[in-house]
Amino acid sequence: MNKWFFGSLAALVIATGVGPAAVRQLSVVKIDSGELQGALADGVVSFKGIPFAAPPVGELRWRPPQPAAKWTGVRQATEFGADCMQGRFGPPPTAATGAPTPRMPSEDCLYLNVWRPEDPAARNLPVMVWIYGGGFTGGSSASANTSGAGFAKQGVVLVAMNYRVGRFGFFAFPALRDEHPEEEKGNYAYMDQIAALQWVKRNIAAFGGNPNNVTIFGFSAGGVSVHSMLASPMARGLFQKAIVESGGSRDSVLTARPLRADGVDPNYPVSAETIGITFAKSMGIDATDQPALARLRALSADEVLRGAPPQPGANAPSYETTPMLDGKLITETAETAYKAGRQPRVPLLLGSNMGDTAGNRVRARNKDELFARYGQWSAEAKAAYDPDGTTELATLVQRANDDFGQAEPARFAADAFAAKGSPVYLYRFSYVQTSMREQMRAGTPHGGEIAYVFGTLSGGRGGPPTPEDLAVSRMAQSYWVNFAKSGDPNGAGLPAWPRHAAGDGQIFEFRPDGSASAGPDSRKARLDVTRKATEAGKRAEF
């Protein structure tokens with residue numbers, strides 16, 4: 001072989017970022033802000049770190065996302081953009097461990113990533129847009145656990161976007177009312193999500209995707225976001241199907257607090273503006289001062305993230321940042337919209353996990369205290385949860401947390417959509433990876449289904465995935481892919497998953513033994529009494 005061959009091969013390796021076995025010159029993709037070139041690996045082309053909006057920094061902090069700047073030449077889209085500003089979860093990787101250098105979070109974070117099949121001729125592929133969880137305080141579109149490569153291998157174009165979180169994503173303040181009065185206020189995280197969906201509508205055809213066949217899906221806060229997009233008038237027409245993984249739907253779980261009025265909602269007695277004023281005061285900024293907003297924007301990103309250090313003897317309240325009722329983007333909660341029948345008529349796939357206890361909002365020192373919280377239905381709750389009186393308190397509290405936070409809200413939303421004629425598919429994920437069963441005796445935890453859905457199972461603490469684990473993953477991902485393609489998860493070789501009918505008491509379960517089937521929900525009595533207590537307002541006491 002001559003020098004020309006080796007020189008050309010080296011150039012292609014540099015251009016694509018892959019080894020000789022997969023070397024191929026990638027075509028350039030043109031989008032509305034410029035040209036992109038991605039990376040090819042194992043039959044999948046990925047485009048990472050694509051700006052879908054301008055960096056929300058300086059004067060653009062606490063503003064809706066603005067258009068991304070155009071560029072000239074070909075932008076190499078081979079590295080993830082920074083995660084949005086957030087606290088660090090766990091110790092950072094170090095050189096001694098051999099781990100890669102961590103990407104430091106930044107306010108300059110409005111980037112998204114696209115994975116597509118290698119075939120450059122593929123067109124009109126279904127599109128799935130992932131919205132990460134993290135309690136609206138963290139999360140990343142660059143997690144290895146949610147790589148889009150597995151979906152791309154199944155003929156899907158997968159998009160994952162970043163969105164602002166914490167005080168950067170949800171913030172209200174009196175001085176913001178008059179600045180740019182035509183703009184939406186407060187829910188900047190949701191504005192980012194809508195901006196990313198608008199980007200998909202404009203640009204996804206360039207990657208082989210069908211802009212009229214878009215499925216949004218998310219987990220936890222990402223699932224809450226999906227419900228918010230379903231209820232928001234500003235998101236209509238930006239997607240055609242939705243999947244919610246452990247995303248609630250009932251009020252008071254990361255839903256929407258009043259923008260300005262205190263004391264009008266027992267779930268959120270403190271308004272978003274009061275939270276903003278309290279934060280400013282903790283930073284020595286008086287909300288009535290003329291330059292208050294400028295001073296807030298002059299704070300460093302770390303100061304906004306962490307706030308002022310506690311002062312000796314200080315007892316100032318500290319409130320979490322959550323979505324709010326801003327009157328334009330979020331005009332009502334998902335629960336309110338669904339009860340009134342104002343949800344869009346779109347196919348919906350949703351559910352929760354066997355041990356889904358995110359939030360742990362239910363607390364009790366003894367069984368009497370626990371069941372008293374169900375009010376007039378306390379005897380019914382005892383019969384449903386502890387009929388022979390032998391179940392341990394910790395187990396009862398865990399189950400109540402799961403039912404109030406996830407299982408009953410999923411059924412409520414499923415019933416609401418089915419009653420309006422939407423195709424609905426309700427699930428419970430009860431399978432636990434073989435190597436993790438000793439550590440997860442309560443069942444599949446919050447988020448435990450994600451690696452199965454994305455096809456990213458790894459060794460973990462107990463060893464590599466077994467053939468059974470991988471078979472469950474292939475099955476779960478196939479259902480999600482089929483749903484994205486047609487609005488129906490069923491397909492050849494898969495156990496039948498019937499449409500949900502409101503009030504039928506049925507559920508489709510990914511069972512602990514690796515099988516999957518539909519049948520009567522063993523939790524029906526528990527969820528029935530949970531619904532009664534919830535709709536009587538008892539949730540505010542939990």
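Just so it is clear, the values below take in all heavy atoms, side chains as well, and ignore hydrogens, waters and symmetry mates.
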Self-check item: Passing option when Ser140 is tested against Asp83, Asn162, Thr146, Asn145 for side chain to side chain donor-acceptor pair (under 3.5 Å)
Solution: Asp83

Quiz item: Do the side chains of Trp480 and Thr215 get nearer than 4.5 Å, heavy atoms only?
Solution: no

Exercise. Indicate yes or no: does Arg411 engage Asp528 in a salt bridge with an N to O separation below 4.0 Å.
Key: yes

Quiz item: Can you check salt bridge (charged side-chain N to carboxylate O under 4.0 Å, His left out) on Arg260 and Glu273, steps first, answer last?
Solution: CA-CA 5 Å; Arg260 298 190 183 101; Glu273 278 201 357; 3.2 Å; yes

Practice problem: Tell me yes or no: between the side chains of Ser271 and Asp262, is some donor less than 3.5 Å from an acceptor? | Solution: yes

Quiz item: With a 3.5 Å cut-off and no angle check, do the side chains of Thr288 and Asp286 form a donor-acceptor pair?
Solution: yes

Self-check item: Validation row: Arg61, Val304 side chains within 4.5 angstrom (heavy atoms)
Solution: yes

Quiz item: Do the side chains of Ser220 and Ser246 get nearer than 4.5 Å, heavy atoms only?
Solution: no

Quiz item: For the residue pair Tyr163 and Tyr132, does the interplanar ring angle fall in the parallel (under 30°), tilted (30 to 60°) or perpendicular (over 60°) class?
Solution: parallel

Quiz item: Given the rule in the side-chain hydrogen bond (donor to acceptor under 3.5 Å, both in side chains) test, do Asp403 and Tyr385 qualify, once you have shown the distances and angles that lead to the verdict?
Solution: CA-CA 11 Å; Asp403 293 346; Tyr385 284 90; 2.6 Å; yes

Practice problem: Scan for side-chain hydrogen bond (donor to acceptor under 3.5 Å, both in side chains) pairs involving residues 416-428, sequence neighbours excluded, and state none if there are none. | Solution: Arg428-Asp521

Exercise. Output yes when Glu303 and Arg167 qualify as a salt bridge under the 4.0 Å nitrogen-oxygen rule, no when they do not.
Key: no

Quiz item: Where is the tightest heavy-atom contact between Ala381 and Val529, given as atom of each residue plus distance?
Solution: N-CG2, 3.8 Å

Practice problem: Compare all side-chain heavy atoms of Met161 with those of Val200 and state whether any distance is below 4.5 angstrom. | Solution: no

Practice problem: With sequence neighbours left out, write down each residue that passes salt bridge (Lys or Arg N to Asp or Glu O under 4.0 Å) with Glu59, or none if nothing qualifies. | Solution: Arg297

Exercise. Using only heavy-atom distances, determine whether the side chains of His500 and Asp415 contain a donor-acceptor pair under 3.5 Å.
Key: yes

